[in-house]
Amino acid sequence: MRRDRISRLADRRRLYTNETYDQARSQLRPGRPPIPAPPAQQLCFEAELFHEVVDSHRDFTIYPFGIRRVRPGSDSIEVEVESEQRAHEILRSILPSYEPDGEVHGMPGLRIWQRTKKGIQIHQSRRATSAWLTGLPPRVWKQVEAEALDIIAELAWRPLWKGPADWSEEELAHEQRWNTGEWARNFQAGAWCSSGLLRRLALFHTIVPADHVSGYKGLGIRGYEGLGPVRWCLDIDHRRGIPYRKQELVDALTDPEFGLPVARAHHLDAIYPPHEMKNWIRLDDEARTGLIELRFTSLDYPSLHPNSPKAALKYRAIAKAIEARVDTVLAVGSR
């Protein structure tokens with residue numbers, strides 16, 4: 001690739017990943033998309049990981065979902081968390097454990113493959129999958145895993161990720177019971193969408209001047225046959241007076257070179273009255289296997305009253321960092 005084209009691609013990729021220029025440039029390959037889609041097993045793995053990252057987000061964080069940057073490769077991904085708290089929430093959400101006479105919690109078959117200075121590498125047994133969780137020193141990852149073990153012990157559950165490398169009987173039974181029906185098939189059919197969002201997660205803080213982004217995996221809605229595609233509901237919250245930059249986000253997500261194969265789902269506009277859809281945008285693909293629901297909101301945030309001076313300092317620091325991030329996005333957008 002010519003040098004000027006490489007530079008353009010690297011700069012553009014950074015909007016989607018928040019990588020450094022050198023990191024983004026090192027991932028570009030001739031003849032391949034600048035943000036490649038991974039193989040099938042990795043695709044489904046990243047779809048599950050995206051769900052757990054979204055579902056485990058409970059508090060205000062400096063970056064949306066508490067993820068500073070992602071580094072998507074051809075067959076793996078690196079997810080850089082912003083804090084020990086987010087690392088704890090994510091690990092508790094993904095590490096599989098068994099509740100006696102109950103069910104498997106977390107991602108069945110998931111194991112910690114490596115613990116290095118870089119972070120921890122996770123994968124699913126028997127499958128060609130891999131992801132790195134980074135952003136913290138090795139001692140912190142070790143401490144976070146130890147705390148997860150303590151919580152599991154208090155609940156009298158069994159930490160399956162510390163057991164045999166292969167799938168346990170409980171995980172196999174869980175997989176057979178819950179991941180073989182129509183809803184699971186729809187989730188797998190739309191794995192390209194959730195994996196694709198994970199690989200482009202930085203858009204929600206490089207393009208959008210949002211204070212907070214949260215989300216969940218929604219049930220199907222009218223407008224599709226059967227259960228319809230998995231609906232990723234993303235609530236994008238702004239302080240009052242801050243522009244949404246809706247079209248800029250839509251343009252980035254639908255970009256033919258860097259985005260996903262989605263477009264505005266105009267066939268869904270009649271499902272809710274127009275006033276309720278004013279700041280909602282829905283994107284889906286031509287085959288209608290994935291659905292992204294962007295919901296922009298302005299809020300007057302109430303004063304926070306943490307329980308301790310230490311907590312108050314933490315929230316003030318996070319608020320200042322969020323304001324600085326939003327100011328940066330607004331400054332870049334006004335050029």
Side-chain angles (χ1 to χ4, degrees), residues 1-50 53 63-65 67-81 113-114 116-124 127-135 188-208 232 247-263 283-287 289-290 292 329 332-333 335:
M1 287 187 284
R2 291 177 53 190
R3 185 178 299 274
D4 56 347
R5 173 168 165 76
I6 292 174
S7 296
R8 182 187 67 80
L9 291 175
D11 281 334
R12 182 68 176 167
R13 176 174 157 126
R14 291 179 63 197
L15 288 176
Y16 291 78
T17 64
N18 200 36
E19 296 165 295
T20 66
Y21 174 82
D22 288 340
Q23 287 174 334
R25 182 168 175 151
S26 70
Q27 292 296 318
L28 298 175
R29 299 288 182 271
R32 298 208 56 177
I35 302 179
Q41 287 189 350
Q42 178 72 17
L43 198 72
C44 292
F45 175 68
E46 290 182 15
E48 291 184 57
L49 182 58
F50 175 72
V53 167
Y63 297 94
F65 305 110
I67 304 301
R68 184 180 290 106
R69 66 174 54 90
V70 292
R71 296 195 66 203
S74 59
D75 56 3
S76 185
I77 188 170
E78 179 182 333
V79 178
E80 184 178 316
V81 302
W113 203 349
Q114 294 188 72
T116 71
K117 292 181 179 179
K118 178 179 178 179
I120 60 174
Q121 186 180 21
I122 57 175
H123 79 119
Q124 275 183 311
R127 297 178 181 174
T129 60
S130 174
W132 281 94
L133 301 178
T134 64
Q188 291 164 6
W192 61 268
C193 182
S194 32
S195 168
L197 285 170
L198 180 66
R199 287 175 164 245
R200 294 159 177 81
L201 204 61
L203 282 177
F204 293 95
H205 68 260
T206 62
I207 295 288
V208 181
W232 293 106
Q247 189 58 48
E248 288 84 348
L249 180 58
V250 170
D251 288 346
L253 285 171
T254 60
D255 184 89
E257 190 171 24
F258 283 86
L260 295 170
V262 294
L283 308 171
D284 70 358
D285 62 310
E286 188 174 351
T289 58
I292 304 168
V329 175
V332 171
R335 291 175 188 170

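- Looking only at distances, a side-chain donor or acceptor of Gln41 sits under 3.5 Å from a matching main-chain atom of Ala128.
- You'll find the side chain of Ser74 reaches within 4.5 Å of the side chain of Arg32, heavy atoms only.
- Side chain of Asp285 to backbone of Pro261: no donor-acceptor contact under 3.5 angstrom is found.
- Taking 4.5 Å as the limit, every side-chain heavy atom of Leu283 sits out of range of all side-chain heavy atoms of Leu260.
- No side-chain heavy atom of Asp4 sits less than 4.5 Å from a side-chain heavy atom of Arg8.
- For Thr289 and Trp192, the side-chain atoms include at least one donor-acceptor pair closer than 3.5 Å.
- Salt bridge annotation for Arg69-Glu80: present, with a cationic side-chain nitrogen under 4.0 angstrom from a carboxylate oxygen.
- No side-chain donor from either of Gln27 and Gln23 sits under 3.5 Å from a side-chain acceptor of the other.
- Note that the OG1 atom of Thr206 and the OH atom of Tyr63 stand 11.0 Å from one another [nearest 0.5 Å].
- Residues Val81 and Ile67 form a side-chain contact, since some pair of their non-hydrogen atoms from C-beta on lies under 4.5 Å apart.
- Residues that satisfy the side chain to side chain contact (heavy atoms under 4.5 Å, CB included) test with Ala131, not counting sequence neighbours, are Phe45, Leu49, Ile77, Ile122.
- Of the possible polar contacts, none joining the Ser130 side chain to the Ser76 backbone as a donor-acceptor pair under 3.5 Å is found.
- Between the side chain of Arg199 and the main chain of Pro36, a donor-acceptor pair closer than 3.5 Å is present.
- Atoms CG and CZ, on Asn18 and Arg200 in that order, are 15.5 Å from each other to the nearest 0.5 Å.
- Annotation: Glu286, atom CD; neighbour count of heavy atoms from other residues, nucleotides and ligands within 6.0 Å does not exceed 12.
- Classification of the Tyr16-Phe258 ring pair by plane angle, with boundaries at 30° and 60°, yields parallel.
- Of the possible donor and acceptor atoms, one in the side chain of Thr129 sits under 3.5 Å from a partner among the backbone N and O of Gln124.
- Note on Lys118 versus Glu78: salt bridge recorded, some NZ/NE/NH1/NH2 to OD/OE distance being below 4.0 Å.
- Remark: side-chain polar atoms of Arg25 are not paired, donor with acceptor, to backbone N or O of Ala10 under 3.5 angstrom.
- Considering only heavy atoms from C-beta on, Leu197 stays 4.5 Å or farther from Leu203 through its side chain.
- Side-chain atoms of Pro38 and Glu46, non-hydrogen and from C-beta on, do get closer than 4.5 Å to each other.
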